[in-house]
Trainee: 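Here it is, the structure in full.
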Amino acid sequence: MEARLPRGFGDRGPQELAAMRGMLEKIRTTFELYGFEAVETPFIEYTEALGKFLPDLDRPNEGVFSFQDDDDQWLSLRYDLTAPLARFVAEHFDALPKPYRSYRHGYVFRNEKPGPGRFRQFMQFDADTVGAPGVSADAEMCMLMADTLEAVGIKRGDYVIKVNNRKVLDGVMEAIGLAGDENAARRLIVLRAIDKLDRLGPEGVAALLGTGRKDESGDFTKGAGLEPKAIETILAFTSAKADSALDTLANLGVVVSGSAIGAEGVAELAEIASLVAAGGYEDGRIVIDPSVVRGLEYYTGPVFEAELTFEVKGEDGKPVRFGSVAGGGRYDGLVARFRGEPVPATGFSMGVSRLLSALSVLGKLGGQAEAQGPVVVLVMDKDQIAHYQKLVSTLRQAGIRAELYLGGSGMKAQMKYADKRHSCCVVIQGSDEREKGEVLIKDLILGATLASAPDREAYLKAQAEAQFAVSEAGMIEAVHKVLARHA
RNA sequence: GCAGCUAUAGCUCAGUUGGUUAGAGCGCUAGAUUGUGGAUCUAGAGGUCCCCCGUUCGAGCCGGGGUAGCUGUACCA
C-alpha cells in the first residue's frame, strides 16, 4: 500500500502549526476587542441545515462532503461557518441577546478542485452580528476586517477591503431587463462574469457576457448571450469605481437610475461610506468597488471582501493568484429559513489557511522559523541509562525542555539527531566525566559557527571550544546560561 | 466537468534509432579519521521505469485504454 494523501489536504508541521496558533490568537484578540463572544459548532450538520444553497441536492457530494447516517438522513461536513451559525442562532434564539455578536474558528471542507491557496480542508475565522438590521453593522464588519488584517501583520496599503451591494447589482439587472424569477439563471451567469473582472479584464468579461470565451488551452466557455447594449451597461457599472467614494456613488446612481432597489443599494453604500469615513478608514483601506460580487446566493445586501494588493510570486517566478483572504456580507434570509420570521444578519470569514499560505509564499513567516528543540541528553554508556534518565528528570523539574536519546545509534548519530531537532545544547557524560561527577555541556549553536576547519583534527579542536564541563549539581545553571545565550 | 501537458530511486532529473545487469547528483544508513554536527574518504540500503492490453525475437522508449499529478478553464454556497 502506498502512503498518500488525497489532494487538497495537507499535513502540518510544527512551524506551520506555530504560525497558525499565533495568527489565530491575534485574530481572536481583535475580535474580542470589538465585543464579540466565542461560540463553536460541530464539523457535521444535517445537509439540509447547511442550506438550499447546495448546487444540487440530488448529488450531495458535489461541492460538499456528504454521507448518510444510520437512519439514512444526509449529513455533511460544514463548508463554511456561517450556515452552521444560522442553525445555532435559530435553535437558541430566545436565549441569546439581540443583537447577538459571536466569533468562532475552525476547519471547513469543500469537495472541489484545489489550487494555490485553495484547499479541501481549510481554516476560517468568522464573526457575525445577528439581529442588527442597519448598515452600521455591515460597516463595523469592514472595519473589523481591516483591523484584523493589520493585527496579523499585513501592512496598511498591502490590502484593500472592497464593498459592494447586492441591491445595486439587482438594480443593474433590472436596467438590462433581467429582472424576475424567469431570468434567475442568466442573472447568475452575468454575476459570475462580473466576478472575473480582475482576472480576465473587461474584454474577457464582455466575451462571457456575449457569445462566449475561449481560454488558452482552447476550451470554450459559453456566454450569457446579452445584447451589446446590455454588455455596455454592465461594463459601465463595473467601471463605475472612481477615485473617491462620492464619485463612485454618483456613477452608480446613474447606472441604476430608474430602479428602486438599485437606488436603495446605492443609498446603503453611501451610508457605509460615511460611517467608514467617520471611523477614519476611508484612506484606501475600505473602498466602494462595483466589481465585487461574491459567489454566494444567500447575500441580500452589502457584500465585502479583502484582497492583498501586493504580488505574490510562486517558485517559478510567476505571480500566484490567491483570491480574497476574507469575505462576507449581509444574509438576512439565512436564519429566517429556520424561524419563519425575518432575522437580519451580517458577518464575514477570514481565510486563515489562505492568509498563512500567502504569507509563507511571501516569506513573511520566516520570523519564527525553526523553534528551538529540547536539550538532548546523550547516551554514552547503555548500562548508565538510569542515570542519564535522572539527568533528564532534573532538567525537566527545572522547567527545561529535555529528552533522553532513545535511539540505538552511536555518539555521532546522536549529535546529528540533536542537530536535526534544533537543540540548543546537549548534555554529555562519558566515563571520564562520570568519574569526576561532571557533565559536558555542548553549545550546538556556538559549535555550528566553528564548523569550518581545514581538517578533522582542527575541526575537533574547534568543537571542543563550544563545550565545557560542570559538576552535576551545576548542570541546571549552566544549561540555563546556554539557553539564555541563544534566546 | 472540459482542455493541454506530464508520470524512471526519498528528492531533482539523465536514459541514444527499441537491444544484455536502468544511471547521476543530492539525501539516507554504517564505517574510517582519538569520544562530537562540518569537510573528506569507503561501503551499503533504496526501483513493479504509474497500471493494463497490444506491436515486436526483444519495450523505460512505439500504439491503445485506464489511473494519478500539474496548468488553464468551469464551479467555488
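Throughout, protein chains are lettered first and strands after them, A, B, ... in sequence-line order, and every chain is numbered starting at 1. These values consider heavy atoms only, across backbone and side chains, with no hydrogens, waters or symmetry-generated copies. None of these values were measured; they are calculated from a predicted model.
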Trainee: Who pairs with A/Phe125 by ring-ring contact (aromatic ring centres under 6.0 Å, His included), at least two apart in sequence or on another chain?
Mentor: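 In terms of ring-ring contact (aromatic ring centres under 6.0 Å, His included), with neighbours along the sequence ignored, A/Phe125 is linked to A/Phe31, A/Tyr103, A/His105.
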Trainee: Restricting to salt bridge (charged side-chain N to carboxylate O under 4.0 Å, His left out), what partner residues turn up for A/Glu174, sequence neighbours left out?
Mentor: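 So A/Glu174 forms no salt bridge (charged side-chain N to carboxylate O under 4.0 Å, His left out) with any residue.
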Trainee: Heavy atoms under 4.0 Å is the rule here; annotate nucleotides 31-36 of chain B 5' to 3' with B where the base is hit, S where only the sugar-phosphate is, and - elsewhere.
Mentor: -BB-BB
Trainee: Among residues 474-487 of chain A, which ones have heavy-atom contacts with RNA chain B below 4.0 Å?
Mentor: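 By residue number: none to list.
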Trainee: List in chain and number order the residues that pass side chain to side chain donor-acceptor pair (under 3.5 Å) with A/Thr238, two or more places apart in sequence or in another chain; answer none if no residue qualifies.
Mentor: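 Not a single residue meets the side chain to side chain donor-acceptor pair (under 3.5 Å) criterion with A/Thr238.
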Trainee: Taking only distance into account, with no hydrogens and no angle test, what donor-acceptor pairs under 3.5 Å do side-chain atoms of residues 458-466 of chain A form with protein atoms, sequence neighbours excluded?
Mentor:
| from | atom 1 | to | atom 2 | distance (Å) |
| --- | --- | --- | --- | --- |
| A/Gln463 | OE1 | A/Lys442 | NZ | 2.6 |
| A/Gln463 | NE2 | A/Gly447 | O | 3.1 |

Trainee: Under 3.5 Å, sequence neighbours excluded: what are the donor-acceptor pairs made by side chains of residues 431-441 of chain A?
Mentor:
| from | atom 1 | to | atom 2 | distance (Å) |
| --- | --- | --- | --- | --- |
| A/Glu433 | OE1 | A/Gly430 | N | 2.8 |
| A/Arg434 | NH1 | A/Asp381 | OD2 | 3.2 |
| A/Arg434 | NH2 | A/Asp381 | OD2 | 3.1 |

Trainee: Tell me the side-chain hydrogen bond (donor to acceptor under 3.5 Å, both in side chains) pairs involving residues 470-487 of chain A, sequence neighbours left out?
Mentor: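 Those involving residues 470-487 of chain A are A/His387-A/Glu472, A/Gln429-A/Glu472, A/Asp443-A/Arg485, A/Asp443-A/His486.
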Trainee: Can you give me the dot-bracket string for RNA chain B, 5' to 3', counting Watson-Crick and G-U wobble pairs with both distances under 3.5 Å, using [ ] for crossing pairs and | for partners on another strand?
Mentor: (((((((..((((.....[...)))).(((((.......))))).....(((((..]....))))))))))))....
Trainee: Who passes ring-ring contact (aromatic ring centres under 6.0 Å, His included) against A/Phe237, sequence neighbours left out?
Mentor: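 Counting only residues at least two positions away or on another chain, A/Phe237 forms no ring-ring contact (aromatic ring centres under 6.0 Å, His included).
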Trainee: For residues 201-208 of chain A, which side-chain N or O atoms pair as donor and acceptor with protein atoms under 3.5 Å away, sequence neighbours left out?
Mentor:
none

Trainee: Mind checking ring-ring contact (aromatic ring centres under 6.0 Å, His included) for A/Tyr159 and listing every partner two or more places apart, or none if nothing turns up?
Mentor: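 Testing A/Tyr159 for ring-ring contact (aromatic ring centres under 6.0 Å, His included), a comparison that skips the adjacent residues, returns none.
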